[in-house]
Amino acid sequence: MKPVRVRFAPSPTGYLHIGGLRTALYDFLYARSQGGKFILRIEDTDKSREVPGAAEDLIKTLHLLGIDIDEGPRIGGPFGPYTQSERLPLYHEHAQKLMDSGNAYRCFCSSETLSEMRNEQQAKGLFVKYDRRCLALSEHEIQQKLSSGESHVIRLKMPDNRSFKFSDLIRESVEMDSSQSDDQVLIKSDGYPTYHLAAVVDDHFMQISHVIRGEEWLSSTPKHIWLYECFGWEAPTWVHLPLILSTDRSKLSKRMNDVSVESYISKGYLKEALLNFVALLGWHSSDDRELYSLNDLCETFSLERVSKSGAIFDLTKLDWMNGHYIRNLALDTIAERAKPYFSERKIDTSDISKYHKCIAVARERCTLLPELADYCQMFFVKPLLSDADVSLMRTTEAQQVLSWFSNAIPAYSPLNEESINLMVKQCSTDTGIKGKQLYTPLRLALIGQAHGPDLPNTFAILGENEASKRIKDCIV
Ligand code: GLU
């Protein structure tokens, strides 16, 4: 068996999107589960679509998520460089080889000529493809055009009437006819290779064992297989991952902002939840378990259990998972991850003990990291009451409860669950006020709202002094 070497090969045309993360994650998990290597290759040969900084951002995001790259740009490795624009001579050498063996040819057709051709074919209801008129050029004509500096591309000559049968690890046996394949441009007029040539050449020289990529590339596979045949190379194992669909089953578009991984991270989703959620977009284990750490996934993942049918991107499930991880990861971890959102709201978290108590209470009630900071605000900033609440606090009953507590607190100190329960009971006995009538004024005074954590937690977070002060401030 060949060693397992898989690559994630994004084009740096924008943010890493959910589909890209799914491919990267499956590549990584497969490599880890097989003791293989995970390679990052930057496919930057379409200069018109390149976004400056996108490759660096993508590497940062993968790193942040814990998807460790074994070989790639900056890290290096035995088959570098791992950025395609640094490998141009290799693609030219191989395009030349294809021309020498009669499997590729130069095409000088202008874009006007090509669009006329396309319109005519469309009008006749034909499959739109290059009609090979430049294949008829004599060597002399080609040389003349070259010496006059005419712009041109190099095209692959696809075989006629050939059926391409190949196996795909997920789709099993696939068959496609060459009549559905155009004579693919391999080298563009700007001298850069297209994805098709560069990916095949690189996958070969980087000794990639499994090409794991989105289903949208399935229709290109015959061209790639043909390239492997022309070069006399052994093709890798093909693995085409199912589409990711919205809940209405339309294709999840990468142009929609909300599919960028960075946007989920900045909204306060945890990497653990994102990875777990994305892992299940097309894969599940035999027991349909839902919750996995990255380590669990490395042990359990298998390509055989990836499904053929589209995977539904269900945000409610991601929210549910995020809530699960917010509640269940180590308290320190959540406290650390939530800190920036507290700083954003200018909440001072330097009293670590208070901060941790807040997080412990808040995480039982929140789905996203910023919500923790929103929820905890009441423990740090004296609450502002609405007009209706102010009137409620002025009622005789409310004032009775507040005065009773304000006087009693020192006697019941230290405040803990037991002493607070005793206080509530005694207050009821002394004032005849109980239930909602007792709790609401207390809560409004302490945290500015009628609902919230139980009293022992509230007192514990605020501390005796602050709690007493807040109650006193409400006594008129
Ligand atoms: N550069 C291609 C992309 O952006 C990679 C496809 C592949 O993995 O072969 O999706």
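Order of appearance sets the numbers: ligands from 1, and atoms from 1 within every ligand.
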Please work out whether the ring planes of Tyr26 and Phe301 are parallel, tilted or perpendicular, with thresholds of 30° and 60°.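 Answer is tilted, since the angle falls between 30° and 60°.
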
ring-ring contact (aromatic ring centres under 6.0 Å, His included) partners for Phe380, two or more places apart: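 Listed in chain order: nothing, the list is empty.
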
Return yes when Arg7 approaches ligand 1 closer than 4.0 angstrom through a heavy atom, no otherwise.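 Contact check Arg7 vs ligand 1: positive.
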
Need the ligand 1 atom indices (1-based, order shown) with element for anything under 4.0 Å from a heavy-atom of Arg213.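 Reading through ligand 1 atom by atom, the close ones are 7 (C), 8 (O), 9 (O).
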
Mind listing the side-chain donor-acceptor pairs of residues 53-65 below 3.5 Å, one per line with the distance, residues two or more places apart or on another chain?
from: Thr61; atom 1: OG1; to: Asp57; atom 2: O; distance (Å): 2.8
from: Thr61; atom 1: OG1; to: Glu262; atom 2: OE2; distance (Å): 2.9

We want to know whether Glu299 and Asn295 form a side-chain donor-acceptor pair, criterion being a heavy-atom distance below 3.5 angstrom.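 The answer is no; no qualifying pair exists.
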
Could you check whether any side-chain heavy atom of Met321 comes within less than 4.5 Å of a side-chain heavy atom of Leu280, counting everything from C-beta outward?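 Yes, side chains in contact.
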
Considering Gly214, Ser11, Ala198, Ala199 one by one, which has a heavy atom nearer to atom 4 (O) of ligand 1 than any of the others?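 The option holding the nearest heavy atom is Ser11.
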
May I ask you to identify, for Tyr195, whether its side chain, its backbone, both or neither come under 4.0 Å of ligand 1 on a heavy-atom basis?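 It is the side chain that touches ligand 1; the backbone stays farther off.
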
Taking distance alone, with N or O pairs closer than 3.5 Å, would you say Ala9 contacts ligand 1?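 Yes, Ala9 has an N/O under 3.5 Å of an N/O on ligand 1.
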
